[in-house]
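Quick one: the structure is below, and I'll ask about it shortly.
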Amino acid sequence: MSGNFYLSDSHEYVEVAKYLLEGNYFSVNDPVISKRPLIYPLFLSLTITLSPYIIIFFQSILLCFTFHLFFKILDFYKIKKQSALILIVLTPSVFIYSQLIMSELVVLFLVTLLFYLYTVHFSWKTIKYAQLIILLLAFTKPVFYPFVFVNFVVMLFYYFKVKRFNFWVLLPIITVLLYSNYNLNRFGYRHFSSMENTNLIHYNLYYFKAYNQSKKEADDWLSQVTQSIKTENPLQKDHALRKIALEEISTHFFPYTLYHLGTGVRGIFDPGRFDLMTFVGQEDGNQGFLEVVNGNKSIFSLFKDKSLLFIYLLLIPILLVLIFKWMYFFKFYSKKGRSFSEYFFLVFIIYYVLATGPVNCSRYMMPLQLILITFALVSVRENRIKNASQN
């Protein structure tokens, strides 16, 4: 590890954690509070000193517990741990983000815990715990908050099948709506996270324009948008960004929709160059492969530093293993008769990939990797049993 535990987003999480430790979280109206949800800053505040070394120590413990749950899942599916370890070693993003002050490790833990409940211990009683986990996911990473509505629809199918209804499924929806109203009273406009429309402009639509037009045109457009919004009032700024975003998307609805869906799927095959570069301390945030595929940089810019050749060589087996995982993951679901909980995670992953869209990459896919590994290995085992029976 390079000794640098921070990415650009890390400092905002730490800032919110400081407000928690100082007892000012509910009294100040700093926009960063509505930008970064509560759970990860709360986790950081448990370290008291906010020392990066103490934080990484806590995260390492959480990673160990995550693997403990994962191994329980493997036992449930009768999968040998040795085969899983090979795939885990060639999924370095899991380890890299446990060593960075980012929310990904907490998301990995919560997703794995949800996976554990819905596979090893799925029952009518555990549904309520699953709803709590889904709620915690929403308050850890904003990309999950719309999933509370998707989750409600999926669970309705299950309730219709068993002819029972569990009111715990309403908890995530009610809490998200109440929190949005709370932000209305506190910040002056209804929202779950203040980064929603900002990200839509600065990332999704910016990358869309860079890809379909040119980097210069995308830069000019973003500059015009920034200059047109001169107010510092968060309500007016949010409304202005939302209006511009909706106009752009409606004007280019089909091209943007195809781009959004295509880039979401593209991101699942990102081997994690950014992750490895960050780990060795040679990533500035503007060198990533997304910059290349979105037309912002030449592909030859990735090879300027010859000393990084070993990273590119390492990416080859990582990519091959990634393809292996997805190939057998899809093969797992090609077989009929999967359980409700297994189909639940198919919906979960599809939602996540499509929701992340143009920003999807190895970092965003990291929390799903243990699910991919599990179902890929189950598919491999089933394929071996089938071949053995035929012989």
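Along the sequence shown, residues carry numbers from 1.
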Exercise for the section: Ignoring hydrogens and angles, tell me if any N or O in the side chain of Arg363 forms a donor-acceptor pair with the backbone of Tyr97 under 3.5 Å. Expected result: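 Answer holds: no.
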Handout entry: Asn360 side chain to Gly264 backbone, donor-acceptor under 3.5 Å
Key =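 Yes; at least one donor-acceptor contact below 3.5 Å.
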Handout entry: Centroid-centroid distance, Phe375 to Phe332, less than 6.0 Å
Key =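 Distance test on ring centres: under 6.0 Å, yes.
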Exercise for the section: Answer with yes or no whether the side chains of Thr91 and Lys325 bring together a donor and an acceptor at under 3.5 Å. Expected result: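 Yes, because at least one side-chain N or O of Lys325 sits under 3.5 Å from a partner of the opposite role on Thr91.
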Problem - Atom OH of Tyr182: over 12 foreign heavy atoms under 6.0 Å - result: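 Above 12, so yes.
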Handout entry: Joint hydrophobic cluster, Val143 plus Met195, side-chain heavy atoms closer than 4.5 Å
Key =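 No, Val143 and Met195 fall in different hydrophobic clusters.
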Practice task
Please examine the side chains of Phe345 and Tyr333, heavy atoms only from C-beta on, and report whether any two atoms are closer than 4.5 Å.
Solution key: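 Of all side-chain heavy-atom pairs linking Phe345 with Tyr333, at least one is under 4.5 Å.
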Problem - Under 3.5 Å donor-acceptor, Thr126 side chain and His121 backbone - result: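 Yes; at least one donor-acceptor contact below 3.5 Å.
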Exercise for the section: Flag the pair Ile133 / Leu117 as yes when at least one side-chain heavy-atom distance between them is below 4.5 Å, and no otherwise. Expected result: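 They are in side-chain contact.
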Handout entry: Heavy-atom side-chain proximity of Tyr364 to Val359 below 4.5 angstrom
Key =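 In short, these two side chains touch, coming nearer than 4.5 Å.
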Exercise for the section: Report yes or no: do Glu382 and Tyr77 form a side-chain donor-acceptor pair below 3.5 Å? Expected result: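 No - no donor-acceptor pair under 3.5 Å links their side chains.
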Handout entry: Check: Leu63 and Val94 side chains under 4.5 Å, non-hydrogen atoms
Key =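 In contact.
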Problem - Residue pair Tyr206 / His202, side-chain donor-acceptor N/O under 3.5 Å - result: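 Looking only at side-chain atoms, His202 and Tyr206 do not form any donor-acceptor pair under 3.5 Å.
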Problem - Ring centroid separation Tyr6 to Tyr13 under 6.0 Å - result: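 They do not qualify: ring centres at least 6.0 Å apart.
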Exercise for the section: Would you indicate whether the side-chain heavy atoms of Thr140 and Pro37 approach each other to under 4.5 Å? Expected result: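 Pro37 vs Thr140: side chains apart.
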